[in-house]
Amino acid sequence: MKRVLLTLVALAQVLFVSARPTFNIKDFGAKGNGKSLNTEAINRAITTCSESGGGVVVVPKGEYLCGTIVLQDNVELRLEEGSRLVATTDLASYKGYVCKRDDFERYKMAYAEYWNKAFVLAVGKQNFAITGEGTICGQHVENPNGEERIRGPHCIVFAESKNFTISGIHIDKAGNYGFMGYELQNGLYDNLRITEGYDGIHIRGGKNITIRNCKIESGDDAIAGGWWENFVITNCDLNTTINGVRLIYPATNLEIGHCLFKGPGVYPQRSVRSLRGKKLMMSAVILQPGAWQDCEGVLKDIYIHDLTIDNLRNAFCSDLKSGTWAENIVLERIKATNIYHSALQFVGYWGGTHESVTLRDVDIEYVGRIDDAVQNPVVKPTHIEAHVHPYWGLYLKGIKFCTLENVKLSYTGKECRSAIGVEDVFKIDMKDVSADDVEGKEKLVSINSVLSPTRKSTKFIPLR
């Protein structure tokens with residue numbers, strides 16, 4: 001899978017390296033004075049470029065106020081250093097994605113035209129790119145008729161499109177998401193910086209997608225979505241007031257590796273005329289298909305490795321809803337410190353089942369708690385985020401086969417709970433599992449589960 005994906009990414013990049021004609025937006029009447037509206041001039045440059053067989057549309061240094069910019073086939077929009085595309089506050093200047101298909105119900109918001117307004121838009125396009133060193137600034141444009149009576153246009157929306165690249169640019173102050181995507185194929189997000197707004201990159205329906213070398217400091221989930229196939233997130237620095245990577249629909253062949261998750265969130269989440277969630281970062285990675293909409297499907301071959309996590313509420317959570325199940329989730333080489341709400345959990349409170357789970361070379365340092373809330377019995381939660389339970393280190397519930405190998409759990413301060421809870425696990429293999437003592441408590445509580453010596457899994461070969 002990795003070789004195929006890398007080949008596709010390489011082909012996407014080749015599209016933009018050969019010499020091609022250039023079209024400077026200033027030649028079409030654009031003015032970078034921060035005052036003139038440039039929507040028509042920039043779109044005319046893009047259309048001319050595409051109709052001429054493709055090429056590069058250059059945005060030179062300057063501040064260009066505009067409404068929706070519509071990308072076309074075979075066009076690279078190149079933002080030169082010092083250039084800024086700045087969103088107008090005039091809501092009438094925005095177009096959006098209007099889904100005309102009758103088979104997109106699983107994407108939920110695809111039919112909500114108000115939700116899919118965009119500053120930069122591509123629908124049904126191919127072989128295109130946004131590159132350079134400039135900035136796309138959404139100015140936190142607000143819509144009183146939007147979600148929470150505040151959310152405005154996304155900075156970028158791509159839908160039903162393929163063979164594209166976004167690289168180098170800065171996406172700032174989105175009125176809603178930095179990037180929103182529907183049904184995308186063969187996409188590369190490289191060396192992006194995304195600051196403020198709500199979700200950083202949110203993709204519903206993505207095949208052969210790579211997100212790499214990105215620094216995201218968002219007000220909501222840094223990377224989110226689902227219905228992913230052959231999806232790679234690597235070498236990213238993710239900071240948010242909500243979750244680092246949140247999967248809300250099924251996925252197959254998902255790899256998350258070599259990433260840094262460090263809280264608390266730099267930017268707060270914006271809500272109705274107020275700010276919230278300012279001093280936290282929730283989960284580094286949370287898998288919860290069906291969280292926002294009932295769905296059926298599998299999480300299959302999920303490989304999460306080489307993560308550094310610090311000062312978060314939760315390091316990892318997988319919580320499956322009815323109609324979803326997981327096959328072959330592997331976590332290895334995970335180092336987490338200062339985790340202060342819940343450490344690790346694989347559960348199925350909502351009816352889903354984990355077929356096979358492997359934790360290998362995992363080191364978690366938890367901030368101990370002795371308050372009453374952590375001693376409550378395990379009950380089905382009323383919310384979908386990672387929750388506190390009566391085991392401070394690891395809670396496994398509703399798993400057929402589980403392997404724990406070289407797992408170290410420690411805590412600072414004071415603690416009153418057992419370290420590990422294993423409930424309704426058909427078989428669990430363990431080797432070199434250690435946990436700090438808590439006076440008067442067993443390290444491991446097993447309920448309806450079978451424990452046995454471990455055997456190594458060779459499903460995934462560590463990357464070198």
Side-chain angles (χ1 to χ4, degrees), residues 99 104-112 115-116 147-148 151 154 157-159 176-184 187 189 197-207 209 211 216 218-233 236 238 240-256 259 261 269 277 281-302 304 312-327 329 345-354 381-387:
C99 182
F104 269 29
E105 285 298 331
R106 71 179 188 173
Y107 299 130
K108 193 174 182 179
M109 299 302 292
Y111 298 100
W115 171 260
N116 294 307
E147 183 179 345
E148 298 177 317
R151 298 199 192 197
H154 306 291
V157 172
F158 290 174
N176 201 345
Y177 295 172
F179 179 94
M180 180 70 199
Y182 297 97
E183 198 74 4
L184 305 176
Y189 303 74
Y198 294 80
D199 286 12
I201 297 174
H202 190 121
I203 299 173
R204 300 189 180 189
K207 183 176 182 180
I209 303 293
I211 301 172
I216 300 177
S218 61
D220 211 315
D221 300 325
I223 300 172
W227 299 115
W228 295 344
E229 181 180 354
N230 299 343
F231 203 106
V232 176
I233 301 169
C236 291
L238 305 179
T240 166
T241 55
I242 308 298
N243 302 294
V245 178
R246 170 183 248 165
L247 189 71
I248 60 172
Y249 298 110
T252 301
N253 289 335
L254 167 63
E255 179 177 353
I256 305 169
C259 292
F261 303 82
Q269 187 189 57
M281 182 170 173
M282 298 176 77
S283 296
V285 178
I286 183 166
L287 310 180
Q288 43 180 189
W292 301 113
Q293 177 187 11
D294 289 341
C295 63
E296 293 185 358
V298 61
L299 298 182
K300 185 175 182 179
D301 296 339
I302 310 299
I304 300 170
L312 271 67
R313 285 163 56 92
N314 169 250
F316 177 88
C317 173
S318 179
D319 192 356
L320 307 181
K321 294 191 74 172
S322 178
T324 66
W325 67 101
E327 299 177 7
I329 297 181
Q345 54 187 274
F346 291 82
V347 294
Y349 283 122
W350 310 95
T353 300
H354 292 84
T382 58
H383 55 87
I384 57 174
E385 303 296 344
H387 49 275

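Salt bridge present: R151 and D220 bring a charged side-chain N and a carboxylate O closer than 4.0 Å.
In this structure, I286 and C317 have side chains that are in contact, with non-hydrogen atoms separated by less than 4.5 Å. Side-chain atoms of I248 and R204, non-hydrogen and from C-beta on, do get closer than 4.5 Å to each other. Put simply, the side chain of I329 reaches to within 4.5 Å of the side chain of S318, judged on heavy atoms. With contacts defined as side-chain heavy-atom distances shorter than 4.5 Å, the pair N253/F231 does not qualify. Counting only heavy atoms from C-beta outward, the side chains of F179 and D199 never approach each other to under 4.5 Å. Taking the side chain as every heavy atom from C-beta outward, M109 and W292 never approach each other to under 4.5 Å. In this structure, L254 and D301 have side chains that are not in contact, with every pair of non-hydrogen atoms separated by 4.5 Å or more. At least one side-chain heavy atom of T324 sits under 4.5 Å from a side-chain heavy atom of C295.
Looking only at distances, a side-chain donor or acceptor of T240 sits under 3.5 Å from a matching main-chain atom of I242. H154 contributes a side-chain N or O that, together with a main-chain N or O of Y177, makes up a donor-acceptor pair within less than 3.5 Å. Remark: the backbone N or O of A112 is paired with a side-chain donor or acceptor of N116 at under 3.5 angstrom. Although no hydrogens or angles enter the test, the distance criterion places no donor-acceptor pair under 3.5 Å between the side chain of E183 and the main chain of K207. With hydrogens and angles disregarded, no donor-acceptor distance shorter than 3.5 Å links the side chain of N243 to the backbone of V245.
When all heavy atoms are compared, the tightest approach of V347 to H387 is CG2-CE1, 4.3 Å.
Considering only residues two or more places apart in sequence or on other chains, E296 meets the side-chain contact (heavy atoms from CB on, under 4.5 Å) condition with none of them. In this structure, the side-chain contact (heavy atoms from CB on, under 4.5 Å) partners of A315, at least two apart in sequence or on a different chain, are I309, A336, I339, L344, I364.
Atom CG of D221 and atom OG of S283 lie 9.5 Å apart (nearest 0.5 Å). Rounding to the nearest 0.5 Å places SG of C99 at 4.0 Å from OH of Y111. Between atom CD of residue E229 and atom CD1 of residue I209 there is a gap of 11.0 Å, rounded to the nearest 0.5 Å. Annotation: the span from I211 atom CD1 to C259 atom SG amounts to 9.5 Å, rounded to 0.5 Å.
Partner of W228 under the side-chain contact (heavy atoms from CB on, under 4.5 Å) criterion, chosen from L247, T252, L184: L247.
A cation-pi arrangement is present between R106 and W227 under the rule of less than 6.0 angstrom and at most 45 degrees off the ring axis.
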Test ring-ring contact (aromatic ring centres under 6.0 Å, His included) on F158 and Y182 and set out the steps. CA-CA 7 Å; F158 290 174; Y182 297 97; over 10 Å; no
Step by step, would you call Q288 with D319 a side-chain hydrogen bond (donor to acceptor under 3.5 Å, both in side chains)? CA-CA 5 Å; Q288 43 180 189; D319 192 356; over 6 Å; no
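In summary, the aromatic rings of Y249 and Y107 are positioned with their centroids too far apart to meet the 6.0 Å limit.
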